[in-house]
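Below: the structure, in structure tokens.
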Amino acid sequence: MNSSPWWKEATIYQIYPRSFFDSNGDGEGDLPGVTSKLDYVKSLGVDAIWLSPFFTSPNKDGGYDVANPRDVDPRFGNLEDARELITQAHMRDLRVIADIVPNHFSDQHEWFQAALKAKRTSKERERFHFYDANEDGTPPNNWISLFGGPSWTQVEDGQFYLHLFDSSQPDLNWENPEVNADFEKTLRFWIDLGVDGFRIDVAHGLIKEDVLTNHPDPQGLSNALRLDVAMDSEVRNALLLTVPYFDRQGVHEVYRKWRKLFDSYGEREIMAVAEAWVHPPVNATRYVRADELHQVFNFDLLTAEFDANVLFDVVERSISLNATVNALPTWALSNHDSPRVASRIGDEQARALALFVFGLPGSTYVFAGQELGLPDGQLQDSDRQDPTFFRTNGAIKGRDGARVPLPWGGDTIPFGFSTGKPWLPISQSWKDLTVESELADPKSSLHLYKNALELRKEFLVGAGGITWLESPQHGDKNDSLLSYSRGSITVVMNLSDSAQECEADGKLVMVSSGTVDARDGIKVIPARSTAWFLS
Ligand code: NOJ
């Protein structure tokens with residue numbers, strides 16, 4: 001019997017509900033749609049689903065603008081649908097992770113509406129960050145929102161409120177005990193409804209310090225904080241060291257309290273994963289100290305080049321840093337905020353990287369559609385909905401490309417996603433990338449994921465650490481191969497554009513693309529491909 005908690009080395013499938021499956025023909029995915037596809041989800045071999053927000057929301061930022069955190073938005077269904085989804089998931093031994101958004105509310109939340117009507121100094125305004133204008137009428141500081149434009153919006157009586165994201169997402173004041181109490185109520189509400197864990201949005205953002213201080217390069221900083229803006233990594237890292245509003249020590253007090261709340265549910269093993277993109281990377285380990293959260297996302301693979309030196313550093317650093325706090329790393333190649341991995345590094349490379357990552361210790365996150373090898377959707381500007389696009393006057397296209405609805409089957413648009421018009425257009429070129437057509441093709445990305453996740457469960461979960469065999473610092477020390485062994489599996493990734501010999505022991509059990517030539521006892525790994533060997 002496995003005595004580890006369920007989340008320790010789980011594979012977690014991220015569902016963006018609006019884009020998953022539409023059960024009522026309105027062009028948008030919904031909770032009953034997710035429930036109806038749980039058999040498919042289960043068949044992938046994952047352990048849990050993480051649902052991006054489905055709470056009451058005007059949907060200015062894809063539901064990350066929450067107007068009532070303890071109810072379901074009608075576009076997704078109702079509380080009964082949420083309960084049914086959780087019940088049906090549990091019947092299939094799938095855990096459910098909800099996505100909680102504590103850094104900000106929607107401006108439609110009753111607290112913010114009350115704050116707008118209240119006086120300048122009032123308990124209603126103290127729940128947010130309201131400040132007077134500077135003497136010359138300008139906002140309290142020069143910070144730029146992560147979605148572009150100023151981080152401040154002025155209200156009728158002249159005060160400004162802080163919003164690190166869209167103006168419809170006022171930041172909450174976590175120095176206020178009422179805010180703490182309200183979120184504890186929300187956590188208990190969803191745990192009581194049956195959820196098994198939480199993904200904590202902007203987990204590093206709750207506490208603000210030096211709110212009245214300007215930043216020397218606010219626009220550069222805002223760009224550096226976006227996963228979809230490419231930037232030289234040295235420039236990015238230097239900027240990330242200067243963020244005045246993220247990763248303050250006070251956030252850890254919040255998570256120590258939350259951990260006690262989670263632990264009070266005992267055997268239910270409630271877990272939480274922090275979305276905390278912090279710098280330097282060692283700071284991320286603070287979120288997973290024994291009395292804080294269970295996991296913290298490692299975002300490095302969302303931007304890393306397909307390069308042996310880069311990938312070796314990312315993997316080695318994440319494993320060793322997490323080990324200092326007795327935690328295991330997390331791995332993600334795609335999510336709803338970043339370009340899809342197949343578009344970012346190429347189709348074959350994405351398959352190779354997935355196989356490389358599935359062998360590693362820790363939890364692995366798979367963004368719905370990644371298993372199909374979906375690229376980013378091709379959109380016209382007139383289709384776009386991401387607030388970033390509007391707040392930057394189109395200079396940054398935004399994240400909609402990764403959020404195009406999933407193609408399920410059939411030969412014509414919208415490939416079974418909806419009987420209506422999908423909220424973002426699906427391209428006809430996805431005909432061969434539907435679940436139906438990939439199920440029929442044994443060489444598809446879908447089969448690769450299913451096979452890999454099955455083998456991962458059988459041979460790798462709980463198999464301990466890795467031993468590097470080939471890297472720029474191990475073995476032949478060339479830049480073409482990355483290889484490690486773990487338990488009875490040896491994983492070899494060939495990053496180069498030509499076939500490469502390797503010395504792996506064991507019998508071939510899987511290859512991400514191409515054919516491994518093993519004549520004469522020498523194993524030759526195809527270009528841009530990863531193979532697993534079992535000994
Ligand atoms: C991170 C979420 O993943 C993203 O989608 C959202 O826009 C921001 N946080 C603000 O909540």
Side-chain angles (χ1 to χ4, degrees), residues 12 14-20 50-67 69 73 97-109 112 128-129 143-149 151 162-172 174 183 186 198-206 208 222-229 240 243 245-247 251 272-278 284 287 295-299 302-303 330 332-340 365 367-368 370 376 384-392 396-404 424:
I12 296 164
Q14 182 194 354
I15 293 179
Y16 196 73
R18 200 177 177 202
S19 300
F20 198 62
W50 146 30
L51 296 160
S52 285
F54 49 80
F55 318 115
T56 316
S57 166
N59 196 37
K60 294 271 176 55
D61 178 25
Y64 286 92
D65 48 322
V66 178
D73 194 273
I97 296 176
D99 199 333
I100 191 164
V101 190
N103 181 67
H104 43 265
F105 274 155
S106 156
D107 61 357
Q108 299 306 305
H109 188 285
F112 194 74
F128 301 91
H129 293 275
W143 297 352
I144 303 277
S145 144
L146 270 74
F147 291 166
S151 287
L162 175 70
H163 51 88
L164 293 182
F165 297 91
D166 188 51
S167 56
S168 67
Q169 293 166 295
D171 279 49
L172 283 158
W174 275 84
F183 268 84
T186 298
F198 298 94
R199 179 253 188 197
I200 304 173
D201 187 65
V202 200
H204 52 321
L206 312 193
K208 274 85 187 173
S222 168
N223 290 344
L225 285 163
R226 295 191 54 91
L227 288 168
D228 56 346
V229 176
L240 292 179
V243 196
Y245 39 76
F246 284 153
D247 202 27
V251 297
V273 52
E275 188 218 19
W277 195 30
V278 294
Y287 292 77
Q295 294 180 348
V296 57
F297 281 120
N298 170 3
F299 292 117
L302 297 176
T303 53
T330 61
L333 303 185
S334 284
N335 68 20
H336 65 294
D337 289 331
S338 54
R340 282 192 176 272
Y365 285 75
F367 179 43
Q370 185 188 322
D376 281 328
R384 297 191 190 278
Q385 307 210 6
D386 186 343
T388 314
F389 175 74
F390 300 103
R391 289 184 63 88
T392 61
I396 298 179
K397 295 293 181 196
R399 302 159 292 178
D400 295 310
R403 301 175 179 180
V404 168
L424 286 174

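Both backbone and side-chain heavy atoms feed into the values below; hydrogens, waters and symmetry mates do not. As the structure is a prediction and not an experimental result, all values here were calculated from the model. When a ligand or atom number is given, it counts from 1 through the structure's own listing order.
Remark: D386 engages T388, R399 in a side chain to side chain donor-acceptor pair (under 3.5 Å) (not counting sequence neighbours). H109 meets the ring pair (Phe, Tyr, Trp, His ring centres under 6.0 Å) test with F105, W111; sequence neighbours excluded. Residues meeting the salt bridge (charged side-chain N to carboxylate O under 4.0 Å, His left out) test with K60, sequence neighbours left out: none.
For the residue pair D99 / Y16, no side-chain donor-acceptor distance below 3.5 Å is found, with atom types taken as modelled.
In this structure, Y245 has its ring center at least 6.0 angstrom away from the ring center of H129.
Closer than 4.0 angstrom to ligand 1 sit non-hydrogen atoms from D61, Y64, H104, F147, F165, R199, D201, V202, E275, H336, D337, R399, R403.
Atom CD1 in I15 sits 4.0 Å away from atom CZ in F20 (nearest 0.5 Å).
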